[in-house]
Amino acid sequence: MTVKVRFAPSPTGKLHVGNIRTALVNWLFAKGQGGTFVLRIDDTDLERSTKENEEGIRRDLTWLGMTWDETFKQSEKFERYRQAAEELKAKGLLYPCYETADELERRKKIALSRGKPPVYDRAALELTDEQRKALEAEGRKPHWRFKLSGGRAEWNDLVRGQQSIDTSSVSDPVLIREDGSFLYTMPSVVDDVDAKITHVIRGEDHVTNSGAQIEIFLALGGQPPEMAHMPLLIGADGQGLSKRLGSLSAEQLRNEGYEPLALLSLLSKIGTSDPVEARESLQQLALEFSFSKMGRAPARFDENELNGLNAQIVHAMSFEMVKPRLEKLAYGDQATPDFWDVVRGNLQGVPDAAMWLAVVYGGGLKGPDLEADDRAFVGDAAKLFPAGEATLETWKAWVDAVKAKTGRKGKGLFQPLRRVLTDQEHGPEMDRMLLLIGAEKARARLEQASA
Ligand code: GLU
């Protein structure tokens with residue numbers, strides 16, 4: 001069997017971390033098995049779907065490296081869905097209902113007040129032809145429900161193990177709205193049958209849908225695919241995702257300068273028995289992926305962990321890799337391999353390089369506000385600054401001379417000098433920094449600070 005999976009986002013919004021994880025697990029599973037990854041755009045809701053969101057989803061997946069082997073949109077297949085609906089009607093499995101939303105709500109409340117589950121009572125199945133005609137003459141338009149068997153829908157879930165849903169405990173799902181538009185439930189099954197999808201991999205919020213969808217697969221003469229329902233993401237505090245994380249989009253992460261592989265490494269490892277570590281490629285992640293490693297507890301998405309992985313990836317990045325991105329920052333066109341080598345260990349993300357570019361290649365800095373004694377100290381240090389061009393030895397020789405002259409040592413000795421030369425409290429090794437900054441700029445900064 002050749003594995004074929006689909007990732008099926010609705011273009012009603014942006015791709016956020018939850019969807020990215022679903023896409024990723026589909027992608028890793030497919031590629032690990034030498035299979036096919038299909039991108040299906042679930043745009044049956046024509047009002048809420050936008051071209052802009054669809055393009056955004058494609059752009060985000062491409063940025064993340066999750067390219068697709070095939071793609072299609074549900075809005076191109078309405079004729080096919082109508083045909084499938086006729087097939088279900090002919091089998092007596094799709095029936096018209098005329099209740100308004102208010103009526104359904106009222107019945108639900110009554111059921112609940114009697115201690116009964118709020119399941120649709122199938123009153124519409126009892127309507128005679130005359131009653132239907134009368135309702136339609138009143139101007140009511142039917143919505144259409146799928147008739148569940150009332151038995152159990154069962155499957156062996158790749159994450160959750162043996163599943164059994166009592167279909168008598170859920171309402172017959174509405175497949176077609178009053179206006180004739182399709183809800184997601186049936187088109188998804190039709191597409192999975194047509195595309196010969198072998199594995200449906202999605203979040204566990206779809207478990208109940210799966211009960212109904214398995215019956216629709218069988219009703220349409222298809223074989224239900226294997227299914228995997230992943231536990232949802234939670235925040236680091238064990239609560240649901242925070243507002244920021246819940247709506248954190250791929251676009252925002254890209255704009256904030258995150259590395260795709262930091263995000264992908266994190267999302268592929270959380271909730272599994274593997275340690276959370278950065279990996280260099282999606283292929284590597286695919287080799288390590290297995291549903292047998294995925295637990296049933298929710299997966300914790302911790303932004304600190306993401307930042308840590310991001311820093312790890314940035315620290316290991318070569319100058320060649322980062323050059324085009326540095327070039328987009330001010331002074332970035334002047335950056336040398338040495339610059340990158342010196343600063344990368346201090347960056348959490350590539351955009352942080354902007355500050356060091358300005359320190360090294362920019363002109364005057366704002367300069368620290370020094371206390372009077374530090375200003376005098378920097379004045380002494382300025383006079384001792386070696387003549388000529390800076391070398392790798394300049395920093396040590398200079399600091400030794402300043403120490404001998406002023407008697408200062410440790411932090412009191414280094415810190416004001418670092419602050420004057422770089423405007424920062426912390427940073428890369430100063431001998432290498434000074435070499436990058438150059439003697440001329442260093443002198444000017446010392447003079448400005450002690451003036
Ligand atoms: N469009 C559906 C969603 O985003 C797809 C669910 C599925 O994978 O079947 O929830």
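Numbering starts at 1 and runs along the sequence shown. The figures that follow rest on heavy atoms only: side chains count, while hydrogens, waters and symmetry mates do not.
In this structure, CD on Glu215 lies 9.5 Å from CG on Asp172, to the nearest 0.5 angstrom. Atom CD1 of Ile20 and atom CE of Met66 lie 6.5 Å apart (nearest 0.5 Å). Note that CG of Asp121 and NZ of Lys116 are 9.5 Å apart. Values are rounded to the nearest 0.5 Å. Between the CD1 atom of Ile57 and the NZ atom of Lys14 there is a distance of 11.0 Å, given to the nearest 0.5 Å. The distance from the CG atom of Leu329 to the CG atom of Asp352 is 10.0 Å, given to the nearest 0.5 Å. In this structure, Asp192 CG and Ile216 CD1 are separated by 11.0 Å, a value rounded to the nearest 0.5 Å.
Here the closest heavy-atom approach between residue Thr167 and residue Gly150 is recorded as OG1-N, 2.9 Å. When all heavy atoms of Gly363 and Tyr331 are compared, the closest pair comes out as N-OH, 4.3 Å. Smallest separation of non-hydrogen atoms from Val420 and Leu365: O-CD1, 4.4 Å. Scanning all heavy atoms of the two residues, the minimum distance from Pro187 to Phe182 falls at CG-CB, 3.7 Å. The two residues Gly161 and Asn156 have their closest heavy-atom pair at C-OD1, 3.4 Å. Here the shortest heavy-atom pairing between Pro117 and Ala111 reads O-CB, 3.9 Å.
The existence of a salt bridge linking Asp237 and Arg300 is excluded, since no basic side-chain nitrogen approaches an acidic carboxylate oxygen closer than 4.0 Å. Ion pairing of Lys293 with Glu288 is absent here, as no side-chain N (NZ or NE/NH1/NH2) approaches a carboxylate O to less than 4.0 Å. Checked for salt-bridge contact, Lys141 and Asp179 miss the test: no charged N lies under 4.0 Å from a carboxylate O. Salt-bridge annotation for Glu138 and Arg140: present, with a side-chain N of the basic residue lying under 4.0 Å from a carboxylate O of the acidic one. For Lys73 and Glu76, the salt-bridge test fails: no basic side-chain N is under 4.0 Å from an acidic carboxylate O. A salt bridge is defined here as a Lys NZ or Arg NE, NH1 or NH2 lying under 4.0 Å from an Asp or Glu carboxylate O, and Asp69 with Lys31 meets this definition. Ion pairing between a basic and an acidic side chain is recognised when a charged N comes within 4.0 Å of a carboxylate O; Glu70 and Arg6 show no such pairing. Salt bridge status for Arg445 with Asp423: absent, with no side-chain N to carboxylate O gap under 4.0 Å. The pair Arg59-Glu55 does not count as a salt bridge, with every side-chain nitrogen at least 4.0 angstrom from each carboxylate oxygen. Salt bridge absent: Asp194 and Lys196 never bring a charged side-chain N and a carboxylate O closer than 4.0 Å.
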Starting from the C-alpha separation in whole Å, work towards a yes-or-no answer on salt bridge (Lys or Arg N to Asp or Glu O under 4.0 Å) for Asp42 and Arg40.
-> CA-CA 6 Å; Asp42 279 7; Arg40 182 181 91 198; 2.6 Å; yes
Tyr258 and Gln252: CA distance, side-chain angles, deciding distance, side-chain hydrogen bond (donor to acceptor under 3.5 Å, both in side chains) verdict | CA-CA 9 Å; Tyr258 281 99; Gln252 196 178 339; over 6 Å; no
Can you check salt bridge (Lys or Arg N to Asp or Glu O under 4.0 Å) on Glu103 and Arg107, steps first, answer last?
-> CA-CA 6 Å; Glu103 279 163 359; Arg107 280 194 218 169; 5.1 Å; no
Show the numbers, then the answer: is there a side-chain hydrogen bond (donor to acceptor under 3.5 Å, both in side chains) between Arg254 and Ser249?
-> CA-CA 9 Å; Arg254 180 167 61 240; Ser249 65; over 6 Å; no
Might you work through the side-chain hydrogen bond (donor to acceptor under 3.5 Å, both in side chains) test for Thr336 and Asp338, ending with a clear yes or no?
-> CA-CA 5 Å; Thr336 61; Asp338 270 349; 5.3 Å; no
Apply salt bridge (Lys or Arg N to Asp or Glu O under 4.0 Å) to Glu79 and Arg82, showing your working.
-> CA-CA 5 Å; Glu79 200 39 55; Arg82 277 191 273 276; 3.4 Å; yes
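Arg419 places no side-chain N or O within 3.5 Å of a backbone atom of Gln424 that could act as its donor or acceptor partner. Put simply, the side chain of Trp356 never gets that close to the backbone of Gly427: no donor and acceptor are under 3.5 Å apart.
Residues Arg418 and Glu425 fail the side-chain proximity criterion, which asks for heavy atoms closer than 4.5 Å. In this structure, Lys147 and Arg122 have side chains that are in contact, with non-hydrogen atoms separated by less than 4.5 Å. Within the 4.5 Å cutoff, the side chain of Glu226 has no heavy atoms near those of the Val200 side chain. Two residues are said to be in side-chain contact when any heavy atoms from C-beta on lie closer than 4.5 Å; Asn209 and Tyr184 meet this criterion. Residues Phe289 and Met294 meet the side-chain proximity criterion, which asks for heavy atoms closer than 4.5 Å. Looking at heavy atoms from C-beta onward, Phe319 lies in side-chain contact with Leu326 at the 4.5 angstrom threshold. Looking only at side-chain heavy atoms (C-beta outward), Lys269 and Leu285 come within less than 4.5 Å of each other. A heavy-atom distance below 4.5 Å is not found between the side chains of Glu280 and Ile313.
The local environment of CG in Asn255 is crowded, with over 12 non-hydrogen atoms from other residues, nucleotides or ligands closer than 6.0 Å. Dense packing is recorded around CD of Glu136, with more than 12 heavy atoms of other residues, nucleotides or ligands lying under 6.0 Å away. Enclosure of atom NZ in Lys91 by more than 12 non-hydrogen atoms of other residues, nucleotides or ligands within 6.0 angstrom is indicated. Around the NZ atom of Lys89, the shell of radius 6.0 Å holds more than 12 heavy atoms that belong to other residues, nucleotides or ligands.
Considering Leu417, Leu435, Thr422 as possible partners of Met430, the one that fulfils the side chain to side chain contact (heavy atoms under 4.5 Å, CB included) test is Thr422. Paired with Trp155 under the rule side chain to side chain contact (heavy atoms under 4.5 Å, CB included), one option of Met227, Arg160, Gln162 passes, and it is Met227.
Thr128 and Gln131 form a side-chain donor-acceptor contact under 3.5 Å, judged by distance and modelled atom types alone. A side-chain N or O of Asp166 and one of Ser168 form a donor-acceptor pair less than 3.5 Å apart. Residues Asn19 and Thr22 bring no donor and acceptor atom of their side chains to less than 3.5 Å of each other. A donor atom on one side chain and an acceptor atom on the other are not found under 3.5 Å apart for Ser10 and Thr12. Side-chain atoms of Arg152 and Ser164 form a donor-acceptor pair, as typed in the model, at a separation below 3.5 Å.
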What donor-acceptor contacts under 3.5 angstrom involve side-chain atoms of residues 259-266, with partners at least two apart or in another chain?
residue	atom	partner	partner atom	Å
Glu259	OE1	Arg325	NH1	2.9
Glu259	OE2	Arg325	NH1	3.4
Glu259	OE2	Arg325	NH2	2.7
Ser265	OG	Leu261	O	2.6
Ser265	OG	Arg279	N	3.0

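Both the sub-6.0 Å distance and the 45° axial angle are satisfied by Arg58 relative to the ring of Trp68.
For Phe339 and Tyr361, the gap between ring centers is short of 6.0 Å. Taking the centre of each ring, His143 and Tyr95 stay at or above the 6.0 Å mark.
In this structure, Phe291 and Phe29 have tilted ring planes: the angle between them lies in the 30° to 60° band.
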